Trainee: 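Quick one: structure below, then a few questions.
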Amino acid sequence: MTKVIFACDESGAKGYADKGETYPGEVGVFAGFLILDECVGDSLPKFMEIYNRYKPTKGKHHITDLDNHLKESLRQEVYQTIRDFTLPCFWYAIHVEGLHAYHISTAVIVQKANEILQEVNSEKVSH
């Protein structure tokens, strides 16, 4: 079995499927790269070196908090490391309202399944 690390992030609030779009037609980007388990030993130290060079003294680490020249420098270091290790990359546009609608429909299915399960369990107890 092949093991991989899936490093990814999204732009804006797309990670919160329980939220609808903030304006009609809002679209975000989901992007990342994969690291094969056998490449972790070589590549992870390089990514940690980059992280440690740019990490804040406190709080969450986010590129938008950096000065513009540091943002570009960080991007170039990450891109070069991805190229050096020939890591597969991906990106995908996400329609916020579609993701939200999927979340709602899934939540309804899970709720109904739980209700059925409770009903079945209570019938077993009463018999």
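If you're wondering where the values come from, they're calculated on a predicted model, not measured in any experiment. All values below come from the heavy atoms of this structure, side chains included, with hydrogens, waters and symmetry mates left out.
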Trainee: Which atom pair, heavy atoms only, marks the closest approach of Ile82 to Cys89?
Mentor: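 Where Ile82 meets Cys89 most closely, the heavy atoms are CG2-SG, 3.4 Å.
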Trainee: Should we count CZ of Phe90 as having more than 12 external heavy atoms under 6.0 Å?
Mentor: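 Correct, the count exceeds 12.
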Trainee: Below 4.5 Å, heavy atoms only, C-beta onward: do Leu36 and Lys3 meet side chain to side chain?
Mentor: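 Heavy-atom side-chain distance check fails, nothing below 4.5 Å.
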Trainee: Keeping Glu26 on the side-chain end and Glu21 on the backbone end, is there a donor-acceptor pair under 3.5 Å?
Mentor: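 Between the backbone of Glu21 and the side chain of Glu26 there is no qualifying donor-acceptor contact (under 3.5 Å).
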Trainee: Using every non-hydrogen atom in the two residues, find where Glu119 and Ser122 come nearest and quote the distance to one decimal.
Mentor: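 Heavy atoms of Glu119 and Ser122 come nearest at O-OG, 2.9 Å.
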Trainee: Looking at every non-hydrogen atom in both residues, tell me the closest pair between Arg83 and Gln76 and how far apart they are.
Mentor: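 Closest heavy-atom pair between Arg83 and Gln76: NH2-OE1, 4.2 Å.
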Trainee: Evaluate whether atom OH of Tyr92 has more than 12 neighbouring non-hydrogen atoms of other residues, nucleotides or ligands under 6.0 angstrom away.
Mentor: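 No, OH of Tyr92 has 12 or fewer neighbouring heavy atoms, counting only those of other groups under 6.0 Å.
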Trainee: Hey, are Glu49 and Lys46 close enough for a salt bridge, meaning a charged N less than 4.0 Å from a carboxylate O?
Mentor: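 The answer is yes: the pair qualifies as a salt bridge.
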Trainee: Answer with yes or no whether the hydrophobic clustering places Tyr51 together with Leu87; edges join I, L, V, M, F, W, Y residues whose side-chain heavy atoms lie under 4.5 Å apart.
Mentor: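 Yes; Leu87 is reachable from Tyr51 via cluster members.
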Trainee: Does any part of the side chain of Val78, heavy atoms only, come nearer than 4.5 Å to the side chain of Ile50, both counted from C-beta?
Mentor: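 When only atoms from C-beta onward are counted, Val78 and Ile50 do touch, with a gap below 4.5 Å.
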Trainee: Between Met48 and Ile35, is there shared hydrophobic-cluster membership here, with clusters defined by ILVMFWY side-chain heavy atoms closer than 4.5 Å?
Mentor: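 Yes; tracing contacts between hydrophobic side chains, which count when under 4.5 Å, links both residues.
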Trainee: So how far is it from Asn121 CG to Asn114 CG, rounded to the nearest 0.5 Å?
Mentor: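 Interatomic distance, Asn121 CG to Asn114 CG, rounded to 0.5 Å: 10.5 Å.
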Trainee: Of all heavy-atom pairs between Ser73 and Tyr54, which one has the smallest distance, and what is that distance?
Mentor: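 Between these two residues, the closest heavy atoms are OG-OH, 2.5 Å.
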Trainee: Do the ring planes of Phe47 and Phe33 sit parallel (below 30°), tilted (30 to 60°) or perpendicular (above 60°)?
Mentor: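 Ring orientation of Phe47 relative to Phe33: parallel.
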Trainee: Hey, are the side chains of Phe85 and Cys39 touching, using non-hydrogen atoms and a 4.5 Å cut-off?
Mentor: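 Phe85 does not reach Cys39 side chain to side chain.
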Trainee: Ignoring hydrogens and angles, state whether a donor on the side chain of Glu72 or Asn68 is under 3.5 Å from an acceptor on the partner side chain.
Mentor: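 No, no side-chain donor-acceptor contact under 3.5 Å.
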Trainee: Find out whether Asp37 and Ile5 are in side-chain contact, i.e. whether some heavy atom of one side chain is under 4.5 Å from a heavy atom of the other.
Mentor: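 Side-chain contact under 4.5 Å: no.
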Trainee: Answer yes if Val40 and Val4 sit in the same cluster of Ile, Leu, Val, Met, Phe, Trp and Tyr residues linked by side chain heavy atoms under 4.5 Å apart, and no otherwise.
Mentor: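 Per the 4.5 Å side-chain linkage, Val40 and Val4 are not co-clustered.
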Trainee: Could you tell me the separation between the NZ atom of Lys112 and the CD1 atom of Ile116, rounded to the nearest 0.5 Å?
Mentor: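 That separation rounds to 8.5 Å.
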Trainee: Please find the pair of heavy atoms, one from Ile63 and one from Arg75, that lie closest to each other, and give the distance.
Mentor: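 In terms of heavy atoms, the two residues are closest at CD1-CG, 3.8 Å.
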Trainee: Do you know the tightest heavy-atom contact between Ala93 and Val27?
Mentor: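 Ala93 and Val27 have their closest heavy atoms at CB-CG1, 4.0 Å.
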Trainee: Using a strict threshold of under 4.0 Å (side-chain N to carboxylate O), is an ion pair present between Glu77 and Arg53?
Mentor: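 Here Arg53 pairs with Glu77 in a salt bridge, since their nearest N and O are under 4.0 Å apart.
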